[in-house]
Amino acid sequence: MLISKLKHFYLDRKNHLNFENVDYTDVYDPYLDEKIDNPIMIIGEAPGANEVAQKEPFVGMAGKNLNYLIDLSRYDRKKDILITNAFPFRTFEGNKNRTPKANELKEGAKLLLKEIEIVKPRLILLLGNSAIKAFSYLPISNSKEVKNFKRNSINNFDFPFYTTKVGVTFHPSPISFNRKDIRMALEEFFKEL
């Protein structure tokens with residue numbers, strides 16, 4: 001039941017947004033049928049060209065880095081983790097990926113809240129600034145609290161429909177992952193999940 005509701009939600013998201021320079025190809029975790037109840041939800045920025053081509057989140061270099069980090073955590077990506085994005089579709093300028101704009105993240109946050117309500121993850125991990133910003137735009141009274149969370153920390157968080165934990169860390173993009181201090185911080189964070 002949960003899986004069919006989630007798949008329906010994913011296929012319906014594009015009907016709630018209307019932005020230019022957005023590729024509305026559906027990109028979502030391909031392992032939905034294998035998930036445990038209340039998986040860990042990892043939220044990245046937005047799909048890129050590689051993700052659109054494969055219709056799967058985190059398949060490029062950042063995805064390779066994320067898989068490495070998930071392996072360190074000893075969780076199973078297929079069963080224990082649901083990977084999604086702050087903005088569900090690829091944003092672009094010309095033929096290049098671009099960071100979602102604030103108005104896109106605000107609209108995406110409404111969809112993200114619905115996704116969280118369906119999944120009720122036991123832990124939400126926000127990877128990078130776009131995910132943190134989108135989370136702060138969730139249409140609930142305490143969403144701005146996330147901006148005060150320290151990097152590489154896990155904090156209790158109350159939604160109107162349940163309580164969970166929210167972790168804040170860096171995005172595993174090649175640019176940040178190649179910085180030794182960020183890579184080490186990410187490795188330690190994921191080892192302790």
- Distance in Å, Leu126 CG paired with Asn129 CG, rounded so as to fall on 0.5 Å steps: 11.0 Å
- Same hydrophobic cluster for Leu11 and Val22, using side-chain heavy-atom links shorter than 4.5 Å among ILVMFWY? yes
- Message: As an exercise, state the distance from CZ of Phe159 to CD1 of Ile140, rounded to the nearest 0.5 Å.
- Response: 5.0 Å
- Item | Ion pair Arg179/Asp181, N-O distance below 4.0 Å | yes
- dist Arg13:CZ -> Glu115:CD (nearest 0.5 Å) comes out at 6.0 Å
- Item | Heavy atoms from other residues, nucleotides or ligands near NZ of Lys133 exceed 12 (cutoff 6.0 Å) | no
- Message: Name the residue from Leu193, Ile83, Thr169 that meets the side-chain contact (heavy atoms from CB on, under 4.5 Å) definition with Leu125.
- Response: Leu193
- Do His16 and Phe9 make the cut of ring centroids closer than 6.0 angstrom? no
- Determine, using the 4.5 Å side-chain heavy-atom cutoff (strictly less than), whether Leu111 and Ile124 are members of one ILVMFWY cluster. yes
- Has the side chain of Ser130 got a donor or acceptor atom that lies under 3.5 Å from a matching backbone atom of Glu45? no
- Message: Rounded to the nearest 0.5 Å, what separates atom CG in Asp23 from atom CG in Asn21?
- Response: 11.0 Å
- Decide if atom CG of Asn103 counts as having more than 12 heavy atoms of other residues, nucleotides or ligands within a radius under 6.0 Å. yes
- Item | Val119 side chain near Pro39 side chain, heavy-atom distance below 4.5 Å | yes
- Message: For residues Phe190 and Ile154: do they belong to one hydrophobic cluster (side chain heavy atoms under 4.5 Å, members Ile, Leu, Val, Met, Phe, Trp, Tyr)?
- Response: yes
- Arg74 with Asp80: basic N within carboxylate O range, under 4.0 Å: no
- Message: A side-chain contact here means heavy atoms from C-beta on lying under 4.5 Å apart; do Ile132 and Arg151 qualify?
- Response: yes
- Sub-4.5 Å side-chain heavy-atom contact between Lys101 and Thr91: no
- Message: Using the rule that Ile, Leu, Val, Met, Phe, Trp and Tyr join whenever any side-chain heavy atoms are under 4.5 Å apart, tell me whether Ile182 and Val168 fall into a single cluster.
- Response: no
- Message: Can you give me the closest heavy-atom contact between Ser136 and Lys147, atom names plus distance?
- Response: OG-CE, 3.3 Å
- Query: Can you get from Leu69 to Met61 by hopping between Ile, Leu, Val, Met, Phe, Trp and Tyr side chains that sit under 4.5 Å apart?
  - Reply: no
- Query: Do Leu123 and Tyr75 touch side chain to side chain, with heavy atoms closer than 4.5 Å?
  - Reply: no
- Query: With a 4.5 Å limit on heavy-atom distance, are the side chains of Asp71 and Tyr68 in contact?
  - Reply: no
- Task: Provide the closest heavy-atom pair for Leu32 versus Ile3 in the form atom of the first, atom of the second, distance.
- Result: O-CD1, 2.9 Å
- Calculate, to the nearest 0.5 Å, the distance between atoms CG and OG1 belonging to Leu112 and Thr84 respectively. 6.5 Å
- Lys35 (side chain) donor-acceptor with Ile81 (main chain) under 3.5 angstrom: yes
- Item | Residue pair Ala134 / Ala86: nearest heavy atoms and the distance that separates them | CB-CB, 3.5 Å
- Message: Checking the side chain of Thr164 only, and the main-chain atoms of Arg122 only, is there a donor and an acceptor separated by less than 3.5 Å?
- Response: yes
- Heavy-atom nearest pair, Pro47 first then Pro88, reads CG-O, 3.4 Å
- If you take all heavy atoms of Val59 and Lys64, which pair is closest and at what distance? O-NZ, 4.3 Å
- Query: With a 4.0 Å cut-off, would you call Asp26 and Lys55 a salt bridge?
  - Reply: no
- Tightest non-hydrogen contact, residues Asn50 and Gly60, listed as ND2-CA, 3.9 Å
- Message: I'd like to know whether the aromatic ring centres of Phe149 and Phe135 sit less than 6.0 Å apart in this structure.
- Response: no
- So do the side chains of Phe58 and Asn65 get within less than 4.5 Å of each other, counting heavy atoms only? no
- Task: Would you mind reporting whether Val27 and Arg90 have side-chain heavy atoms less than 4.5 Å apart?
- Result: no
- Message: Heavy-atom count check: over 12 atoms from other residues, nucleotides or ligands less than 6.0 Å from Lys144 NZ?
- Response: yes
- Query: Under 3.5 Å, side chain of Glu188 to main-chain N/O of Ala185, donor-acceptor pair present?
  - Reply: no
- Any side-chain heavy-atom pair from Tyr162 and Ile116 closer than 4.5 angstrom? yes
- Salt-bridge contact Arg183-Glu187 (side-chain N to carboxylate O under 4.0 Å): yes
- Query: Can you say whether the rings of Phe19 and Phe87 are parallel (under 30°), tilted (30 to 60°) or perpendicular (over 60°)?
  - Reply: perpendicular
- Is the backbone of His171 close enough, under 3.5 Å, to the side chain of Ser176 for a donor and an acceptor to pair up by distance? yes
- From Phe92 atom CZ to Glu20 atom CD, the distance as rounded to the nearest 0.5 Å: 9.5 Å
